[in-house]
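A quick write-up on the structure given underneath.
Naming: A, B, ... by sequence-line order, numbering from 1 per chain.
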Protein chains: 2
Amino acid sequence: MTQLFVCQGRDEIPRWRAAFAEARLVTPQQARAQAGHGDSVWVMSNIEEWQGLVTLLAGRGAIVNVLSYAPTSLQALQALNAGARGYAHALSPAELLTQVDLVTHHQGIWVPTELMAQVMGGAYRALGGGAQQQDEALSGLTDRERAVALAVAEGQSNKEVARRLEITERTVKAHLGAIFRKLGVRDRLQLILRLAQREVV
Amino acid sequence: MTQLFVCQGRDEIPRWRAAFAEARLVTPQQARAQAGHGDSVWVMSNIEEWQGLVTLLAGRGAIVNVLSYAPTSLQALQALNAGARGYAHALSPAELLTQVDLVTHHQGIWVPTELMAQVMGGAYRALGGGAQQQDEALSGLTDRERAVALAVAEGQSNKEVARRLEITERTVKAHLGAIFRKLGVRDRLQLILRLAQREVV
DNA sequence: AGCAGTATTGTACTGATGGGCAGGGATGGC
DNA sequence: GCCATCCCTGCCCATCAGTACAATACTGCT
């Protein structure tokens with residue numbers, strides 16, 4: 001059972017070899033050429049176009065796992081969506097890697113337990129209660145804050161929101177500050193990503 | 001390792017015993033009383049309040065799998081969302097059940113492969129992914145511009161994108177400028193909305 | 001009357017963002 | 001060789017975004 005670790009350059013991780021004695025570090029190009037059906041391929045998420053590589057190798061029948069230095073639920077979903085069967089931290093101990101390998105070779109999915117809730121929560125809202133999701137996110141806001149949040153979610157600048165609501169730019173910022181605090185996001189980018197999972201009415 | 005099969009009345013399935021010799025058929029009440037940390041519990045989805053039972057037992061540390069006579073992606077998500085680690089057809093062959101047990105006892109998730117695509121596809125789109133629609137919007141971009149666009153679409157700042165691609169912030173800006181011009185958007189907010197398939201214009 | 005919450009606006013500051021101007025290096029077609 | 005394109009980078013500047021530290025006013029509730 002070949003174990004291929006696909007990384008960009010020199011992030012050789014000793015515990016990879018501790019987990020799999022026969023592990024080989026390869027470049028994305030080498031992975032494309034060598035990986036085949038049944039092989040275990042570990043793809044670092046910091047290489048370019050990793051999702052395309054995952055899809056290619058998974059389609060070829062390889063068992064693909066994605067390793068990340070900064071695991072997030074979104075990236076976990078991107079990995080699974082691309083065809084990966086496992087997603088873990090790049091610095092996971094050797095025992096964990098062998099466990100991931102065992103699970104994914106038996107038709108299982110492996111995602112860190114701390115990400116599972118978010119991943120499945122998002123998935124559940126997508127197929128089940130997607131509609132009431134936006135209410136959930138916006139329910140804690142006042143009428144005015146909600147109006148600002150919706151305008152910002154359409155990509156409007158503070159100045160444009162101010163014109164639309166006929167208030168000053170300073171007031172828009174005040175509302176936005178309250179929105180960020182209540183929703184626990186740090187800026188309008190994150191706000192948009194949060195609200196982007198709902199359908200605009 | 002105790003194997004408990006929670007079912008309503010008399011749907012005793014022979015292959016359950018074929019998979020686990022020490023399997024015991026129990027009622028929901030018995031399961032509540034007996035199941036503990038590390039036990040494998042198989043819950044039929046045709047019993048009442050099965051989701052509540054799954055959550056209770058999972059919270060207690062049991063490995064809970066849900067069995068259904070009519071598996072659907074929505075029910076799979078309900079099961080996982082309730083805390084189950086596996087979801088399979090009630091009439092699965094014995095070898096499959098042992099495989100599910102193996103996977104779920106190693107922190108893995110087990111869902112039938114034919115449901116995985118729907119489950120993960122829905123979740124991914126819900127969180128702002130949408131791979132193939134993105135390709136359409138990104139087709140006119142160069143490789144480097146596409147990498148920048150995707151990173152920005154995840155909410156990363158110029159500084160973060162620069163670190164990820166190992167280039168300077170100025171170069172990121174240069175790529176972004178080209179992206180904005182090609183896609184006809186004015187800033188990164190509009191870009192995010194464009195890549196999330198929203199009706200921005 | 002006093003308090004809590006909301007809405008509004010001001011000044012001022014820091015950091016992020018977008019872009020103009022000006023290059024250098026690599027690649028590939030003609 | 002020339003030119004186009006892409007990739008990378010520097011300096012500089014105008015603007016935007018977010019926030020700290022304020023103030024004023026209205027509302028509902030006790």
Contact pattern, 5' to 3', of nucleotides 17-28 of chain C - B, S or - by protein heavy atom under 4.0 Å: BBBBB-------
A:H175 side-chain N/O to C:dT8 phosphate OP1/OP2 under 4.0 Å: yes
With sequence neighbours excluded, residues passing side chain to side chain contact (heavy atoms under 4.5 Å, CB included) with [X]:
X      : result
B:A88  : B:L67, B:S92, B:W110
B:A58  : B:V64
A:R144 : A:T142, A:L165, A:I167, A:H175
A:L56  : A:R32, A:R60

Along DNA chain D, first and last positions that approach a heavy atom of chain A under 4.0 Å: D:dC16 to D:dC21
Summary of salt bridge (Lys or Arg N to Asp or Glu O under 4.0 Å) pairs that have at least one residue in residues 166-175 of chain A, sequence neighbours excluded: A:K159-A:E169
Which residues pass the side chain to side chain donor-acceptor pair (under 3.5 Å) test with [X], not counting sequence neighbours?
X      : result
A:R163 : none
A:T168 : A:T171
B:R85  : none

CZ on A:F5 to CG on A:L25, rounded to 0.5 Å: 8.0 Å
Evaluation steps, side chain to side chain contact (heavy atoms under 4.5 Å, CB included), between A:V148 and A:E145: CA-CA 5 Å; A:V148 172; A:E145 290 164 356; 5.7 Å; no
Terminal axes of the helix from C:dA1-D:dT30 to C:dC30-D:dG1 (five pairs each): angle between them, nearest 10 degrees: 30°
Touch class at under 4.0 angstrom, heavy-atom based, for B:T168 against every strand present: sugar-phosphate
